[in-house]
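So the structure is just underneath, and the comments pick up after that.
Note on naming: letters A, B, ... go to the chains in the order of the sequence lines (proteins, then strands), and numbering restarts at 1 for each one.
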Amino acid sequence: MGKTLFDKVWDAHVVDKIENGPQVLYIDKHLIHEVTSPQAFNELRDRNIPILRPKQVVATADHNTPTENQHLPVKDELSRNQLEQLSKNCKENGITLYDLGHKYNGIVHVMAPELGITQPGMTMVCGDSHTSTHGAFGTIAFGIGTSQVAQVFASQCLLLQKPKSLRVNVNGKLKNGVYPKDVILYVISKLGTNSGTGYFCEYAGDVFENMSMEGRMTVCNMSIEMGARGGMIAPDEKTFEYIKGREFAPKGDEFDKKVAYWKTLPSDADATFDKEYFFDASDIDPMVTYGTNPGMGIKITEKIPEINDASFEKSLKYMNFQKGESLINKPINYVFIGSCTNSRIEDFRVAANYVKGKRKASNVTAWLVPGSKQVEAQIIKEGLKDIFDEAGFKLRQPGCSACLAMNDDKIPQGEYCVSTSNRNFEGRQGQGARTILASPLVAAATAVEGKIIDITKHLN
Amino acid sequence: MEKFTTLRSTAVPLDIENIDTDQIIPARFLKATDKKGFGDNAFRDWRYNKQGEINNDFILNDPTYSGSILVAGDNFGCGSSREHAPWALVGYGFKVIVSSFFADIFKGNALNNGLLPVQVSSDFLKNLMSEITNNPETIVTVNLEAQTISANDGNLSQAFDIDPYKKTCMINGYDDIDFLLSKKDAIEAFEVEKQF
């Protein structure tokens, strides 16, 4: 029987197996940040255990960083302390850190791929559930808890049950104005937030084959929102082309050798999956969420479903929405374009393309937060910053920002925010804040109009 | 890690589905660099309003209910991988979480902190939820060795699954680092073979 992409990568990393129990999986790359690593460093220090392979660990500061005045000392004392701990821990242990202000600093799931750290066939982990992003390269990448961060520090391995396999197929041609974010919000709205729990998901079909690497990252990023530990897309010429020439990409003959190996990774034609779903691209429209989990999504033209269920009703009450109502024409005062889901250059090109020649609505506070210093530089280089400036938008500095609102970028209580991030949980963007997840296009249109509009009427 | 064998306790019913780790511990409390103190902020935004006043409608603020077992709706612990969630639950005083479904990362994080996730059928959860809601003094017994959960003098009882390796770890208070360090030779041999 054929093997899946996931099987091939997983099996190549099994060091040992416990009978009727977990397997010892070798981890190639370990990404860390300031929020979920300090307790792991402490654990090793307390137990006098050295970090086994510091050269396979890469650190960045992203979750708890300001998006303004990054050249100044961080004002919040607890945040500053956490960032200082990261610097100190990395220095003591010989770990490369792209600290605040460094030209390679950025959100961990944006900066690692752009530096060529993420490569097909690898196993990668990070103390962050959106590590699934890196699966866009045909990488087994998943989020871990802090105890597991300590385990990888100590042994470069993890003890894991091998997950089951799931494949989501989307075939056909996407409509104009439908972006990778809409594709994944659509899939999650159909499958629910726990359909993938216990599974690793492969995305297949011509929609993903035709998608850019950045689009694939957006899709894989949100795998965790349907419960899957990770998502993967078979590496192809587009993948190899993306990696080629990047800072940490293999060079010369070594690159060619790697490509030859990477080409063996896609799932065999006769591979079987424990679960498989099929969707038609032509059924996908621009999407928005109306509730407090990412599975509560509808096409922008649809009405909120009428479901009689206590959890569903609790969710609508929090959002102050009614069953059967449309979100079109809802006044919106906050827009966030950023996060590890949608803060790459293509996302800002989409937004800039829409706002060019228009003005931001006066009622809207819009935060445009690039995913990394490199994305920020590219936005300036391509003249997108000028477009945003002219339209009344202000570009901020890179970081996780209002996606989880650990820093000062918080949406006020009761306010709606149309956000390109990944989670619409209660209070995620600030206490009492109400999040509506959408693509960069829908977010940009909302910022210009000051309300949600039927974007499908504005497309050719 | 603390050892776990059997627990007898009253239980708190939290009949809400899809409780994500942002609810268990909101992100603004993740700035600490140690594992202590998160219990004070467990379910912070459900326990208190923005002005810091107690929300009397929330079950954890109802003195009728107490105990070290939390019985919660389906898909508990979804969302962020933050291990601060089990730290907060343990810090608050819970030793067992019962639900009909747990998110993967949360389940692993809980087990790594001596917090036992007990997965039961939807019907059993419904019956247990109703039993403890109506009779707050009901004692729930969780026996890890026998892998059973029971209440109401055994009238309500179900077996639960747990990975045998994790069961051994919980009963003996072992953690994965000890085990992984014992595999160091195999790991180094693997690295040579794979030319890392």
Salt-bridge contact [X]-[Y] (side-chain N to carboxylate O under 4.0 Å):
{"X": "B:D104", "Y": "A:R229", "answer": "no"}
{"X": "B:K31", "Y": "A:D76", "answer": "yes"}
{"X": "A:E43", "Y": "B:K35", "answer": "yes"}
{"X": "B:D178", "Y": "A:R47", "answer": "yes"}

Per-residue contact mode, [X] against chain B (heavy atom under 4.5 angstrom):
{"X": "A:L78", "value": "both"}
{"X": "A:A310", "value": "neither"}
{"X": "A:I49", "value": "side chain"}
{"X": "A:V35", "value": "both"}

Starting at [atom1] of [X], measure out to [atom2] of [Y] and round the result to the nearest 0.5 Å.
{"X": "B:S80", "Y": "A:D128", "atom1": "OG", "atom2": "CG", "value": "7.0 Å"}
{"X": "B:Q23", "Y": "A:R428", "atom1": "CD", "atom2": "CZ", "value": "10.0 Å"}
{"X": "A:T292", "Y": "B:N18", "atom1": "OG1", "atom2": "CG", "value": "8.0 Å"}
{"X": "A:I224", "Y": "B:S81", "atom1": "CD1", "atom2": "OG", "value": "8.0 Å"}

Contact part of [X] toward chain A, heavy-atom cut-off under 4.5 Å: side chain, backbone, both or neither?
{"X": "B:K183", "value": "side chain"}
{"X": "B:F102", "value": "backbone"}
{"X": "B:N49", "value": "backbone"}
{"X": "B:A103", "value": "backbone"}

How about [X] and [Y]: do any of their side-chain heavy atoms sit closer than 4.5 Å?
{"X": "A:H13", "Y": "B:K194", "result": "no"}
{"X": "B:D22", "Y": "A:E426", "result": "no"}
{"X": "B:F179", "Y": "A:V24", "result": "yes"}

Under 3.5 Å: donor-acceptor pair, side chain of A:S311, backbone of B:E17: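 Side chain of A:S311 to backbone of B:E17, a donor-acceptor pair under 3.5 Å: yes, one is there.
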Backbone N/O of B:N109 and side chain of A:Q148: donor-acceptor pair under 3.5 Å: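 Pair absent, no side-chain N/O of A:Q148 close to backbone of B:N109.
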No-hydrogen, no-angle side-chain donor-acceptor test under 3.5 Å, [X] and [Y]:
{"X": "B:D163", "Y": "A:Q161", "value": "yes"}
{"X": "B:W87", "Y": "A:Q39", "value": "no"}
{"X": "B:E83", "Y": "A:T36", "value": "no"}

